[in-house]
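Note sheet for the following structure.
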Amino acid sequence: MIKITFPDGQVREYQNGVTPMDVALSISEGLARNVLSAKVNGQVVDASIAILEDASLQLLTWNDDDGKKTYWHSSAHLMAEAIEALYPGTKFGIGPAIEHGFYYDIDLNGQEFGSDQFKEIEDKMIELAKAKSEYVRKDVSKKDAIAYFQEKGDEYKLELLDGLADGSITFYTQGNFTDLCKGPHIPQTGLIKSVKLLSVAGAYWRGDETRKQMTRIYAITFPKAKELEEYLYLLEEAKKRDHRKLGKELELFAFSEKVGMGLPLWLPKGTLLRERLENFLRRAQIRAGYSPVVTPHIASKQLYVTSGHYAKYGKDSFQPIRTPEEDEEFFLKPMNCPHHCEIYKTKPRSYKDLPLRLAEFGTVYRYEQHGELHGLTRVRGFTQDDAHIFCRPDQVEGEFMKVIDLVLYVFKALGFTEYSAQISLRDQENREKYIGDDEDWDKAEASIIKSAQEKGLPTVIEYGEAAFYGPKLDFMVKDALGRKWQLGTIQVDYQLPQRFELEYTGSDNSKHRPVMIHRAPFGSLERFVAILIENTGGNFPLWLSPDQLAVLPISEKYEDYANELFLRLQEEDLRGYVDHRDEKIGRKIRDAEVHKVPFMIIVGEKEQAEGLVSVRKKGHGDLGSMTLEAFMALAQEEIHQLTFNSHK
RNA sequence: GCCUUUGUAGCUCAGUGGUAGAGCACUUCCUUGGUAAGGAAGAGGUCGGCAGUUCAAUCCUGCUCAAAGGCUCCA
């Protein structure tokens, strides 16, 4: 008998050689039907594998990420089977599961292929799935494996075999398709109910541009038809919410070939939105003890030589700007931190002055590769909501927690209720990659972990992902469509204070080196606005909406009344416009709705006579008539709530 | 950066080896209206840029610029 430990800590005894599937059956038949694979001692394996010693066991189903991964990987094999049946002679590269679905790289030997063929492959996959073929694992010798793929003429698999050691090679067969694969796989093809081929793209064999370009087919599968429908709905919704599309439609920002790629132009409405965000954060930061500063857009080369950025990024950055007479070199600033270090140095600092928190909405310029540019999320000129906290080593933990509080406050105010954090630490094996002494690192890493724990942040720890100058914590948020975005970051830095020889006088009257914390809740305003657009679908909360209201006179007879009302609204700091066009009220309403204006104030004969306004809310319709004061109170309340509804 | 695809009016798009069209937006006129598109007329394009083939290029070829998707997720 062997002892099996379950994730909840429960221990049960089973016969030696029991399979995860047996265990599932011993619990319930329903569970057994849903088991896709299993995690035995932390390793994902087939549910049919025999367990030969005491082990921890987690049965994986569709609800587990690793279960989904197994499912999609098996689906890739099913797709390969379908393709081989329909296009004999096709050679196969690799076919892994990805975050949403899977792909297979194939070489069709010159056969024509495009998205027109998706349907027949989908149909074939369903047909093959209905056969409920088992995925059968088989150990093969390298010799036999080579013989198999030689006969098939698949040079890709032969190349993969080349890199594998004899004795560790396994084949998986389902139906008529056999593939070189280390697994694991789901029990049988019948679990795959719903199939959709998504796109076809070129991809180099082994990601090497000098090698043959293969055809990559992206697809996704689900155990229930309804889940596929939901997924396709999300894809469509994502397309509708694309910030590049909405940015144009709502006149928020634009790009111009003449200005240059990756250099966004903020239009009046986008600027309004952006300024609201800036002011919101500025106020929050002042409350949190930050001091706003402003630094120039260019700086002498010497600054970046000192900071070390010149050595590291000099080549990848934009070329220097030279003064005509003296031939001095200046650079567009790629980050704000060196400037802030120089601000720190403007006078001697005492331990009593710390922490010093310098904040700047600093516009920076970085060279990004041509192919990496994307809307507002990846640009060459952007504004960071940057700040640097200079503190004593004993203050790091407390400051870190304060920053987490600020970031979470910002997320909440902007409607991001689901978030998580990634803590990036040193690569334990290669400590020499990092600068600074071990003691500082240990302290900083421990502080970050402790702060995150204390704040109850759901975190993932990644080793080897730290910056070379210190560990960091990155925030991720989930948007209304369940997509993950990386947002703000907090980083601990021991390097810059050293490079800039920053000091403070301690209580012992000797010189000490401060620690620097870099942090940016939004990361970049550009990227954040893009995420905000996609999260809200352009339906911004009232306090951020570029136009908060539109005053719509029924006819030009009521224009004076409309103008008078609008003036009073403006005095209350409400923004918007009066629609003076010679159009019917239905048209004015439609246009305001299309432009996602939150409130419409409709005035005609009745309203003027009674001294009232008729209020209509976007997406909700007529709210009836009320006094202007009542409307303003309504609007102000919604603004001050700072809460957020992203629907509609 | 590399691969694939795309580039026609402000926007969304149709179209052809013989120098271009629709809808919306815009301008003017009519209409003065009650909760998601009132009517008419007009104006608007070096068909991304440069070069080549041709009697003739928006269309074919090459280069270039920009955008979209993909690659840098290794059975």
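Everything quoted here is computed from the prediction, not taken from an experiment. Residue numbering restarts at 1 for every chain, and letters A, B, ... go by the order of the sequence lines.
A/Lys240 places its NZ atom 18 Å from the P atom of B/rU12, with the value rounded to the nearest Å. Rounded to an integer number of Å, the gap from NZ of A/Lys584 to P of B/rG39 is 9 Å. When rounded to the nearest whole Å, the span between CG of A/Leu250 and P of B/rU12 equals 14 Å. Straight-line distance from the NE2 atom of A/His374 to the P atom of B/rA67: 12 Å, rounded to whole Å. Rounded to whole Å, the distance from CG on A/Leu376 to P on B/rA67 is 13 Å. Counting to the nearest Å, the P atom of B/rC11 and the CG atom of A/Asp591 are 18 Å from each other. For A/Tyr558 and B/rG33, the OH to C1' distance is 9 Å, given to the nearest whole Å. Rounded to whole Å, atom P of B/rG39 lies 13 Å from atom CG of A/Asp582.
When base pairs are accepted only as Watson-Crick or G-U wobble with both N-N or N-O distances under 3.5 Å, RNA chain B takes part in stems of 3 or more pairs at B:1-7 with B:65-71, B:10-13 with B:21-24, B:26-30 with B:38-42, B:48-52 with B:60-64.
Among the heavy atoms of the strands, none lies under 4.0 Å from A/Glu249. Residue A/Lys588 is out of contact with every strand shown, counting any heavy-atom pair closer than 4.0 Å. Within 4.0 Å of A/Glu251, counting heavy atoms only, lies no atom of the nucleic acid at all. Among the heavy atoms of the strands lying under 4.0 Å from A/Ile585 are primed sugar atoms or P, OP1, OP2 only; no base atom is included.
Between A/Phe382 and A/Arg366, the closest side-chain pair of non-hydrogen atoms falls below 4.5 Å. Annotation: side chain of A/Lys269 is not in contact with side chain of A/His595 (no heavy-atom distance under 4.5 Å). The shortest side-chain heavy-atom distance between A/Lys606 and A/Ile554 does not fall under the 4.5 Å cut-off.
In this structure a side-chain-to-backbone donor-acceptor pair under 3.5 Å is missing from A/Tyr561 to A/Gly604.
Within residues 259-273 of chain A, the residues approached by RNA chain B to less than 4.0 Å at the level of any non-hydrogen atom are A/Met261, in residue-number order. Looking at residues 593-602 of chain A, you'll see A/Glu593, A/Ile602 sit with a heavy atom under 4.0 Å from some atom of RNA chain B.
Separation of the P atoms belonging to B/rG10 and B/rC65 is 24 Å when rounded to the nearest angstrom. Only the P atoms considered, B/rU27 is 24 Å distant from B/rG34, to the nearest whole Å. For the P atoms, the distance linking B/rU58 with B/rU8 amounts to 15 Å, nearest Å. B/rA9 sits 11 Å from B/rA20 when the C1' atoms are compared, rounded to a whole Å. Rounded to whole Å, the separation between the C1' atoms of B/rG45 and B/rU54 comes to 25 Å. Of the P atoms belonging to B/rC47 and B/rC11, the separation is 16 Å, rounded to the nearest Å. Rounded to whole Å, the P atom of B/rC50 lies 22 Å from the corresponding atom of B/rG44. For the C1' atoms, the distance from B/rG21 to B/rU16 is 11 Å, rounded to whole Å.
Each of B/rA36, B/rA66, B/rU31 was ranked by its minimum atom distance to the side chain of A/Arg616; first place goes to B/rA36.
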Annotated protein contacts, base or backbone, on nucleotides 70-75 of chain B with a non-hydrogen cut-off under 4.0 Å, one of B, S, - each
SSBSBB
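Ring planes of A/Trp62 and A/Trp72: perpendicular class, angle over 60° (limits at 30 and 60°).
Of the candidates A/Arg616, A/Lys618, A/Lys617, A/Glu593 forms a salt bridge (charged side-chain N to carboxylate O under 4.0 Å, His left out) with just one, namely A/Arg616. Partner of A/Tyr135 under the side chain to side chain contact (heavy atoms under 4.5 Å, CB included) criterion, chosen from A/Leu78, A/Asp46, A/Thr70: A/Leu78.
Taking for each of A/Arg590 and A/Ser555 the nucleotide of RNA chain B with the nearest heavy atom, the 5'-most of the two is the partner of A/Ser555.
Within the structure, the salt bridge (Lys or Arg N to Asp or Glu O under 4.0 Å) test picks out no pair touching residues 551-562 of chain A (sequence neighbours left out). The side chain to side chain donor-acceptor pair (under 3.5 Å) analysis of residues 91-100 of chain A, with sequence neighbours excluded, yields the pairs A/Lys91-A/Glu155.
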Indicate every side-chain donor-acceptor pair of residues 621-633 of chain A with a distance under 3.5 Å to a residue at least two apart or in another chain.
from: A/Asp622; atom 1: OD1; to: A/Gly624; atom 2: N; distance (Å): 2.9
from: A/Thr627; atom 1: OG1; to: A/Ala630; atom 2: N; distance (Å): 3.0
from: A/Glu629; atom 1: OE2; to: A/Arg568; atom 2: NH2; distance (Å): 2.5

Listing, residues 136-143 of chain A side-chain donor-acceptor contacts under 3.5 Å, not counting sequence neighbours, or none:
from: A/Arg137; atom 1: NH1; to: A/Tyr172; atom 2: OH; distance (Å): 3.0
from: A/Ser141; atom 1: OG; to: A/Asp144; atom 2: N; distance (Å): 3.1
from: A/Ser141; atom 1: OG; to: A/Asp144; atom 2: OD2; distance (Å): 3.3
from: A/Lys142; atom 1: NZ; to: A/Leu161; atom 2: O; distance (Å): 3.4
from: A/Lys142; atom 1: NZ; to: A/Leu164; atom 2: O; distance (Å): 2.6

Side-chain donor-acceptor pairs of residues 250-262 of chain A under 3.5 Å, sequence neighbours excluded:
from: A/Ser256; atom 1: OG; to: A/Lys258; atom 2: N; distance (Å): 3.0
from: A/Ser256; atom 1: OG; to: A/Val259; atom 2: N; distance (Å): 3.1

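The base of B/rG49 has none of its N or O atoms less than 3.5 Å from a complementary donor or acceptor on the side chain of A/Glu257.
Taking A/Lys39 as the reference, A/Asp66 meet the salt bridge (Lys or Arg N to Asp or Glu O under 4.0 Å) condition, with sequence neighbours excluded. For A/Glu249, the salt bridge (Lys or Arg N to Asp or Glu O under 4.0 Å) test picks out A/Lys245, with sequence neighbours left out. Checked against salt bridge (Lys or Arg N to Asp or Glu O under 4.0 Å), A/Asp579 has the following partners two or more places apart in sequence or in another chain: A/Arg581.
Taking side-chain N and O atoms only, A/Arg244 has a distance below 4.0 Å to OP1 or OP2 of B/rA68. Contact check, A/Lys557 against B/rG33: a side-chain N or O comes under 4.0 Å of OP1 or OP2.
Between the side chains of A/Trp485 and A/Glu534, no donor N or O sits under 3.5 Å from an acceptor N or O.
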